[in-house]
Colleague: 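Have a look at the structure that comes next, please.
All heavy atoms count here, side chains included; hydrogens, waters and symmetry mates do not. From a predicted model like this one, the values you see are computed outputs, not experimental measurements.
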Amino acid sequence: MRFTVLGCSGSVPGPDSPASSYLVSAAGFNLVLDLGSGALGALQRHLPIDEIGAIALSHLHPDHCMDLCGLYVSVKYWPSGPLARIPVYGPAGTALRMARAYDLPDEPGMQNELDFRGWQQTQQIGPFTVRTVPVPHPVPAYAIRVEYDGKILVYSGDTGPTEALVGLARGADVLLCEAALRDGDPNNPPDLHLTAAEAGDHAKRAGVPRLIVTHVPPWFDREAQAEAARRTFPGEVLTAVPDLVHLL
């Protein structure tokens, strides 16, 4: 299983990175986790659009889903003719939300180009077994576990502190975890994001060997957030940066 960071900037695109998007590939199938603002361009450095197998959305904030608008245009107006519909897994209401984002009629919206499917607790997406759990965030949000051939990647999406993420990540090889807030800031809102220390603590309690810190906003320093995570996590800590490739 091959994992590639397409975009890792938290909340908004940054000067050196699109917002959240990650590519997971195995057995010739390509699964894109989130497709946030600016990520469609970065994706094309690694994968032609007509080779996307499916999209998986953790939630419907723009920094995680808004480049579906560009994907819709690409599928509809592909030079050789419309591409086959691309499956898009996400929270209930994703099809309607994206239709309104592009100012399309609610029906059919983007549904002739994108095959919207609601999250189940477990589903098969190409060669991957994908499990999800709801996590705390201001909108319906999910952490995502991707399994293939004995290898497991867990992606936190956006979440406040939660035992649900710890449980989903148990047995995983890698936890890709957001660390959008700074430790000790009294202005940190509840049930919105994790601090770096909280990301490390979740990884420690899950027993994973490797943590990749991501979703750091451009107004904070990625390496400083990763270093803060090392204070609570004894395993290997990596920093998500654009074009990082990791083999599981």
Side-chain angles (χ1 to χ4, degrees), residues 1-9 13 16-59 63-68 70-72 74-75 78 83-90 94 113-117 119-120 122-132 142-158 168-169 171-178 208-215 236 238-248:
M1 185 159 61
R2 180 185 178 95
F3 164 74
T4 305
V5 176
L6 305 175
C8 57
S9 184
D16 65 346
S17 176
S20 296
S21 190
Y22 311 92
L23 174 62
V24 184
S25 303
F29 189 90
N30 299 296
L31 173 63
V32 179
L33 302 178
D34 283 340
L35 195 63
S37 310
L40 186 62
L43 171 65
Q44 292 172 81
R45 292 201 302 269
H46 297 273
L47 185 73
I49 286 173
D50 59 350
E51 293 184 14
I52 298 172
I55 309 285
L57 300 179
S58 64
H59 66 292
D63 61 315
H64 292 258
C65 71
M66 198 49 66
D67 267 25
L68 277 185
L71 181 63
Y72 154 75
S74 300
V75 172
W78 197 251
L83 297 176
R85 295 168 76 211
I86 297 175
V88 177
Y89 295 81
T94 298
E113 292 75 28
L114 305 176
D115 180 11
F116 293 97
R117 306 178 184 186
W119 278 125
Q120 306 296 319
T122 303
Q123 51 265 290
Q124 196 70 25
I125 305 177
F128 301 112
T129 300
V130 179
R131 309 179 194 277
T132 63
Y142 294 83
I144 301 169
R145 178 181 174 114
V146 182
E147 305 178 19
Y148 171 75
D149 195 28
K151 299 297 183 180
I152 302 170
L153 167 73
V154 171
Y155 170 44
S156 68
D158 281 7
L168 190 71
D173 298 278
V174 175
L175 174 59
L176 173 67
C177 191
E178 69 122 291
V208 299
R210 186 170 296 113
L211 168 67
I212 301 178
V213 172
T214 193
H215 199 275
E236 182 180 9
L238 301 177
T239 306
V241 294
D243 302 317
L244 172 72
V245 176
H246 190 75
L247 298 178
L248 282 73

Colleague: Under the rule for side-chain hydrogen bond (donor to acceptor under 3.5 Å, both in side chains), what residues qualify as partners of S74, not counting sequence neighbours?
Modeller: none
Colleague: Can you give me the closest heavy-atom contact between I152 and D173, atom names plus distance?
Modeller: N-OD2, 2.7 Å
Colleague: Backbone N or O of I86 within a donor-acceptor pair of the D115 side chain at under 3.5 Å?
Modeller: no
Colleague: So which heavy atom on A169 is nearest to which on L175, and how close?
Modeller: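 Nearest pair, atom of A169 first, then L175: CB-CD1, 4.3 Å.
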Colleague: Would you check if I52 and L71 make a side-chain contact, meaning some heavy-atom pair closer than 4.5 Å?
Modeller: yes
Colleague: Who are the side-chain hydrogen bond (donor to acceptor under 3.5 Å, both in side chains) partners of Y22, not counting sequence neighbours?
Modeller: T214
Colleague: Among all residues two or more places apart in sequence or in another chain, which pass the side-chain hydrogen bond (donor to acceptor under 3.5 Å, both in side chains) test with Q123?
Modeller: none
Colleague: According to side-chain hydrogen bond (donor to acceptor under 3.5 Å, both in side chains), who are the partners of D63, at least two apart in sequence or on a separate chain?
Modeller: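 D63 satisfies side-chain hydrogen bond (donor to acceptor under 3.5 Å, both in side chains) with H215 only.
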Colleague: Salt bridge (Lys or Arg N to Asp or Glu O under 4.0 Å) for R45 and D243? Distances and angles first, verdict last.
Modeller: CA-CA 9 Å; R45 292 201 302 269; D243 302 317; 3.0 Å; yes
Colleague: Drop me the distance from S20's OG to D158's CG, to the nearest 0.5 angstrom.
Modeller: 6.0 Å
Colleague: First locate atom OH of Y72, then atom CG of D67, and finally report the distance between them rounded to the nearest 0.5 Å.
Modeller: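 One gets 15.0 Å once the value is rounded to the nearest 0.5 Å.
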Colleague: Can you tell if the side chain of L83 reaches within under 4.5 Å of the side chain of I49, non-hydrogen atoms only?
Modeller: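 When only atoms from C-beta onward are counted, I49 and L83 do touch, with a gap below 4.5 Å.
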Colleague: Quick check on side-chain contact (heavy atoms from CB on, under 4.5 Å): which of I212, L176, V174, L211 does L238 satisfy it with?
Modeller: I212
Colleague: May I ask you to decide if E178's main-chain N or O and S156's side chain share a donor-acceptor pair within less than 3.5 Å?
Modeller: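 Judged by distance alone, yes, a pair lies under 3.5 Å.
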Colleague: Determine all donor-acceptor pairs shorter than 3.5 Å in which one atom belongs to a side chain in residues 27-36; sequence neighbours excluded.
Modeller:
unit_1	atom_1	unit_2	atom_2	d
N30	OD1	S25	OG	2.7
N30	ND2	E51	O	3.0
D34	OD1	S58	N	2.7
D34	OD1	S58	OG	3.2
D34	OD2	S58	OG	2.9
D34	OD2	H64	ND1	2.7
D34	OD2	Y155	OH	2.6

Colleague: Do R210 and H246 come within less than 4.5 Å of each other through their side chains, counting heavy atoms only?
Modeller: yes
Colleague: With a 4.5 Å limit on heavy-atom distance, are the side chains of V146 and M1 in contact?
Modeller: yes
Colleague: For V130 versus I125, what's the shortest heavy-atom pair and its separation?
Modeller: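 Smallest heavy-atom distance, with atoms named: CG2-CD1, 3.8 Å.
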Colleague: Please report the shortest heavy-atom distance between S17 and S9, naming the atom on each side.
Modeller: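 Shortest heavy-atom contact: OG-N, 3.5 Å.
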Colleague: What are the two closest non-hydrogen atoms of C8 and A240, and how far apart are they?
Modeller: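 C8 and A240 have their closest heavy atoms at SG-O, 3.4 Å.
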Colleague: Find the distance between CG (L168) and OH (Y142) and round it off to the nearest 0.5 Å.
Modeller: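 Interatomic distance, L168 CG to Y142 OH, rounded to 0.5 Å: 13.0 Å.
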Colleague: Has W119 got a side-chain atom pairing as donor or acceptor with L57's backbone, closer than 3.5 angstrom?
Modeller: yes
Colleague: Does atom CZ of R85 have more than 12 heavy-atom neighbours, drawn from other residues, nucleotides or ligands, at distances under 6.0 Å?
Modeller: yes
Colleague: Write down the atom of I144, the atom of A56, and the distance for their closest heavy-atom approach.
Modeller: CD1-CB, 4.4 Å
Colleague: What residues, two or more places apart in sequence or in another chain, satisfy salt bridge (charged side-chain N to carboxylate O under 4.0 Å, His left out) together with E147?
Modeller: R131, R145
Colleague: So, taking the atom named CZ in F3 and the one named CG in L153, what distance separates them when rounded to the nearest 0.5 Å?
Modeller: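 Reported to 0.5 Å precision, the distance equals 6.0 Å.
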Colleague: If you apply the rule side-chain contact (heavy atoms from CB on, under 4.5 Å), what do you find for V241 with V5, and how did you get there?
Modeller: CA-CA 7 Å; V241 294; V5 176; over 6 Å; no
